[in-house]
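I'd like to ask some things about the structure below.
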There are 4 protein chains.
Amino acid sequence: MAARRPVDPRRKPVQQRAQETVDVILKATAQVLVKEGYDKATTNRIAAAAGVSIGTLYQYFPNKESLVVALSRRHTDEMMKLLSGMIVDLRDAPPRQATRALIKAMCDAHAVDPALHKVLVEHLPQATFFERIHDVGHKAHQIVRHYLEAHRERIIPQDLDMAAFLVVTTVEATTHAAVLQRQDMLLNDDLVDQITRLVHQYLFVADPS
Amino acid sequence: MAARRPVDPRRKPVQQRAQETVDVILKATAQVLVKEGYDKATTNRIAAAAGVSIGTLYQYFPNKESLVVALSRRHTDEMMKLLSGMIVDLRDAPPRQATRALIKAMCDAHAVDPALHKVLVEHLPQATFFERIHDVGHKAHQIVRHYLEAHRERIIPQDLDMAAFLVVTTVEATTHAAVLQRQDMLLNDDLVDQITRLVHQYLFVADPS
Amino acid sequence: MAARRPVDPRRKPVQQRAQETVDVILKATAQVLVKEGYDKATTNRIAAAAGVSIGTLYQYFPNKESLVVALSRRHTDEMMKLLSGMIVDLRDAPPRQATRALIKAMCDAHAVDPALHKVLVEHLPQATFFERIHDVGHKAHQIVRHYLEAHRERIIPQDLDMAAFLVVTTVEATTHAAVLQRQDMLLNDDLVDQITRLVHQYLFVADPS
Amino acid sequence: MAARRPVDPRRKPVQQRAQETVDVILKATAQVLVKEGYDKATTNRIAAAAGVSIGTLYQYFPNKESLVVALSRRHTDEMMKLLSGMIVDLRDAPPRQATRALIKAMCDAHAVDPALHKVLVEHLPQATFFERIHDVGHKAHQIVRHYLEAHRERIIPQDLDMAAFLVVTTVEATTHAAVLQRQDMLLNDDLVDQITRLVHQYLFVADPS
DNA sequence: TATGAATGAGGTTTCATTCAT
DNA sequence: AATGAATGAAACCTCATTCAT
């Protein structure tokens with residue numbers, strides 16, 4: 001097994017100014033990643049975009065990977081925050097509202113920075129990848145799984161694990177694709193309504209709710 | 001607009017031996033891409049894996065990108081062939097069979113070489129990407145769209161374009177994810193059954209079929 | 001038209017040390033060009049001769065051609081400086097002195113670094129070539145042309161343009177050849193005297209001066 | 001000293017067809033050298049231009065240099081032929097006619113293939129260079145030198161060697177430059193007249209001839 | 001004799017990273 | 001803390017040349 005390289009920030013910025021520098025560097029990283037693509041995102045270009053010297057960049061990040069990892073942490077933290085709100089709402093909500101809440105939350109989460117999300121998903125090395133980005137999917141899977149178990153009596157599919165897998169995959173893919181390719185569909189609630197019906201009819205027995 | 005670099009093969013192999021060499025190089029490209037990842041897939045490594053000299057590689061491919069493009073053409077051609085079979089089956093099939101056929105075909109298409117498919121999807125430059133890989137999705141979208149229009153009277157969703165988008169995205173994402181992450185689910189027909197029901201209930205009014 | 005590659009220096013050195021490095025690299029370029037010839041003057045060899053790493057060389061020059069172009073700019077600037085001095089001397093000088101001044105200036109200009117001059121003249125791509133090196137000849141042509149017009153009444157040839165062409169070509173070729181092949185002839189003033197008479201008798205009607 | 005590589009043709013073509021092949025290859029070499037420049041004149045490109053395979057080219061020429069050398073031999077042979085005619089004419093001609101003949105011959109010689117001449121002069125390695133191309137200048141120098149000695153009593157310059165150097169350099173440079181840059185001047189005899197007077201007045205004491 | 005596939009040394013160039021200032 | 005000059009391994013790619021067919 002290859003030796004893992006350090007990915008943690010090199011030094012904790014304590015001063016106000018230093019914290020701002022880190023912020024500027026990460027913002028520049030995101031911008032360059034999205035605008036120029038992963039291959040063109042060299043450390044020198046990022047430093048230039050941030051308006052700091054390459055030396056300064058290496059004061060805070062020991063290598064290029066650590067930059068991307070730090071950025072992905074920030075990004076997934078934001079997505080997670082939105083999904084966490086959902087957990088609370090979901091707990092005891094009736095099926096249709098729960099489904100809607102899941103989809104809404106997924107839309108919001110993917111709307112944080114869809115282009116950056118795409119680049120990060122595609123280019124983070126697998127290890128780091130699972131560690132952070134896939135957490136979003138993984139967390140969603142667990143939430144859904146628990147919900148299904150709690151409402152087992154109303155659920156059509158027998159295999160709850162497979163059902164959770166299908167639901168999460170479907171919701172994630174459709175919201176992600178919509179955000180990336182069909183932003184026009186997000187202007188009103190039609191798309192959310194449709195996905196809701198797609199999932200709801202699959203999961204739940206007919207119900208007057 | 002940035003100048004596009006050439007991606008077309010440099011010289012058509014005329015001798016038998018040369019055709020074999022091209023084949024060996026592309027097979028090595030696929031292997032290295034999958035096993036080592038895009039960034040580690042250097043032309044020298046590919047040439048070594050193919051057992052030819054670096055010069056031989058450049059006899060047939062003008063640059064690294066052209067290698068990947070040629071490989072993606074082969075790959076998408078194979079996927080397309082499987083999807084094309086579907087068109088015929090779909091034409092006049094009743095809803096449930098048509099849905100099943102779509103999902104089966106998608107599963108088969110993604111099963112061609114899922115790991116390679118993932119690398120190609122993630123790393124092909126956008127322009128080339130849309131030209132070939134996305135063709136698969138695009139073609140599927142059109143097939144489904146036509147089918148929905150032909151059976152409009154039985155379809156629940158009003159917006160057929162959105163419906164086609166949701167169905168294709170869902171089927172593609174779930175089959176792709178299953179192939180990549182949950183190959184255990186593909187051993188029997190359970191997953192296909194589930195996806196079929198997911199899509200069928202969404203699209204079609206209840207029917208004794 | 002083929003796309004021109006960049007030839008301008010990549011980064012303006014701001015620190016003292018960097019300016020010295022650029023200087024060292026250009027000096028090494030000249031040395032290697034002269035001693036080894038154009039084809040053997042690889043960037044690696046130049047970097048080695050300069051005692052810097054290949055990466056340092058590419059910090060300041062985006063490609064090999066830009067190195068040669070920068071060097072030719074330096075070289076022609078020096079030659080031009082010497083010719084510019086001539087303009088002043090020539091203005092109102094009587095024929096014989098003017099002729100002598102022209103030849104002297106040409107000798108001095110070609111003596112700057114004759115071996116380098118030869119390599120540059122022979123290998124610079126045409127576009128760049130005309131832009132800089134040929135400027136020397138072009139400038140000389142215009143100076144002579146103006147002088148001839150100003151003294152038309154004493155000039156034998158009718159076609160002043162052709163006369164200027166002949167004079168400049170002759171003076172340039174003879175001084176250049178002398179500097180390159182017959183440096184012994186430059187030890188005293190004999191050669192300059194001879195060229196002076198060659199040109200003077202051709203241009204001017206007999207005169208007691 | 002570096003070991004000299006063979007430059008002689010590898011095998012004397014004996015059959016009719018083989019002789020034609022050699023001819024085609026050399027013509028292609030000249031064409032590519034002139035149209036594409038020395039650097040772009042690769043052996044593969046030359047073979048392609050000649051319509052033969054690279055292997056065939058190497059049947060007749062052991063390496064690239066030998067190609068260029070063979071071409072330069074052909075070229076200088078043609079130029080020499082034109083100059084040789086001059087020798088006879090010159091022998092006992094009176095000064096003005098002799099001068100004119102020299103200049104005419106030089107014009108003719110440089111008109112053989114001026115663009116090719118330029119490429120060859122600039123790129124042939126020095127050793128080969130002096131051996132063949134400079135022979136033209138050298139031969140001209142000797143002819144002129146002999147003529148001057150034979151007519152010493154009418155010659156103004158004392159140093160006949162220097163005079164011959166000046167005359168040959170001047171005539172060569174002006175005819176060469178005219179052929180390359182000012183072909184319009186060659187349409188009538190004006191230029192030849194002017195060069196003739198330039199040289200004649202320099203060399204010879206006034207004479208009623 | 002002719003072919004063209006194959007070779008690989010060696011060229012140009014990039015970019016993550018270090019370190020003296 | 002910040003700078004930016006310097007590094008060099010390693011990437012991409014070319015082209016003179018060989019050799020099996």
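Computed from a predicted structure; not experimentally measured. First the proteins, then the strands, lettered A, B, ... as listed; each starts at 1.
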Could you state the atom-to-atom distance from CD1 of D:I46 to C1' of F:dT17 in whole Å? 14 Å

Closest-nucleotide 5' rank along DNA chain F - winner of C:G51 and B:G55: C:G51

Per the end-axis method with five pairs at each terminus, what is the bend angle of the helix from E:dA2-F:dT21 to E:dT21-F:dA2, to 10°? 10°

Over how many whole Å does the gap from C:R45 atom CZ to E:dT12 atom P extend? 10 Å

With a 4.0 Å cut-off on N to O distance, would you call A:R74 and A:D113 a salt bridge? no

Looking only at E:dT17, F:dA1, E:dA5, the nucleotide nearest the B:Y60 side chain is E:dA5

Has the side chain of D:K64 got a donor or acceptor atom that lies under 3.5 Å from a matching backbone atom of D:A41? yes

Write out all pairs satisfying salt bridge (charged side-chain N to carboxylate O under 4.0 Å, His left out) with one or both partners inside residues 41-50 of chain D, taking only residues at least two apart or from two chains. D:E36-D:R45

Given atom OH of A:Y38 and atom C1' of E:dC15, what is their separation to the nearest angstrom? 13 Å

Starting from the C-alpha separation in whole Å, work towards a yes-or-no answer on salt bridge (Lys or Arg N to Asp or Glu O under 4.0 Å) for B:R73 and B:D77. CA-CA 6 Å; B:R73 288 216 238 262; B:D77 281 353; over 6 Å; no

By nearest atom, which of the nucleotides E:dA2, E:dT14, F:dA6 is closest to the C:R17 side chain? F:dA6

Going from CG on C:L57 to CD1 on C:I25, what distance comes out if it is rounded to the nearest 0.5 angstrom? 4.5 Å

Does any N or O donor sit under 3.5 Å from an N or O acceptor when you compare the side chain of A:Q59 with the base of F:dA2? yes

Toward the 5' end of DNA chain F, which comes first, B:P62 or A:T21, by nearest nucleotide? A:T21

Could you check how far CG of B:D39 sits from P of E:dA16, rounded to whole Å? 11 Å

Return the nearest nucleotide to the side chain of C:K64; candidates are E:dT12, F:dG4, F:dC15. E:dT12

Using atom NZ of C:K40 as one end and atom P of E:dG10 as the other, report the distance to the nearest whole Å. 12 Å

Grab the CD1-C1' distance between C:I25 and F:dA5 for me, whole Å please. 11 Å

Can you tell me how far P of F:dG4 sits from CD of C:Q19, to the nearest Å? 16 Å

Picking from F:dA16, F:dC12, E:dT18, which would you name as closest to the side chain of A:Y58? E:dT18

Would you mind classifying the nucleic acid contact of C:T43 as base, sugar-phosphate or nothing, using non-hydrogen atoms under 4.0 angstrom? base

When you measure from the centre of the six-membered ring of A:Y38, is the NZ or CZ of A:K118 closer than 6.0 Å and no more than 45° off the axis? no

Out of E:dA16, E:dA6, E:dG4, which has the shortest distance to the side chain of D:I54? E:dG4

Can you work out whether C:N44 or B:L57 has the more 5'-proximal nearest nucleotide on DNA chain E? B:L57

Rounding to an integer number of Å, can you tell me how far D:E36 CD sits from F:dC15 P? 11 Å

When we call it a touch if two heavy atoms are under 4.0 Å apart, what does C:T42 touch: a base, just sugar-phosphate, or nothing? sugar-phosphate

For D:V52, is there any backbone N or O sitting under 3.5 Å from a side-chain donor or acceptor partner on D:T56? no

Just jot down the side-chain hydrogen bond (donor to acceptor under 3.5 Å, both in side chains) partners of A:K35, sequence neighbours excluded, or say none. none

From C-beta outward on C:S53, which listed nucleotide comes closest to its side chain: F:dA5, F:dT7, E:dA6? F:dT7

Measuring to OP1 and OP2 of E:dA5, would you say a side-chain N or O of B:T56 lies under 4.0 angstrom away? no

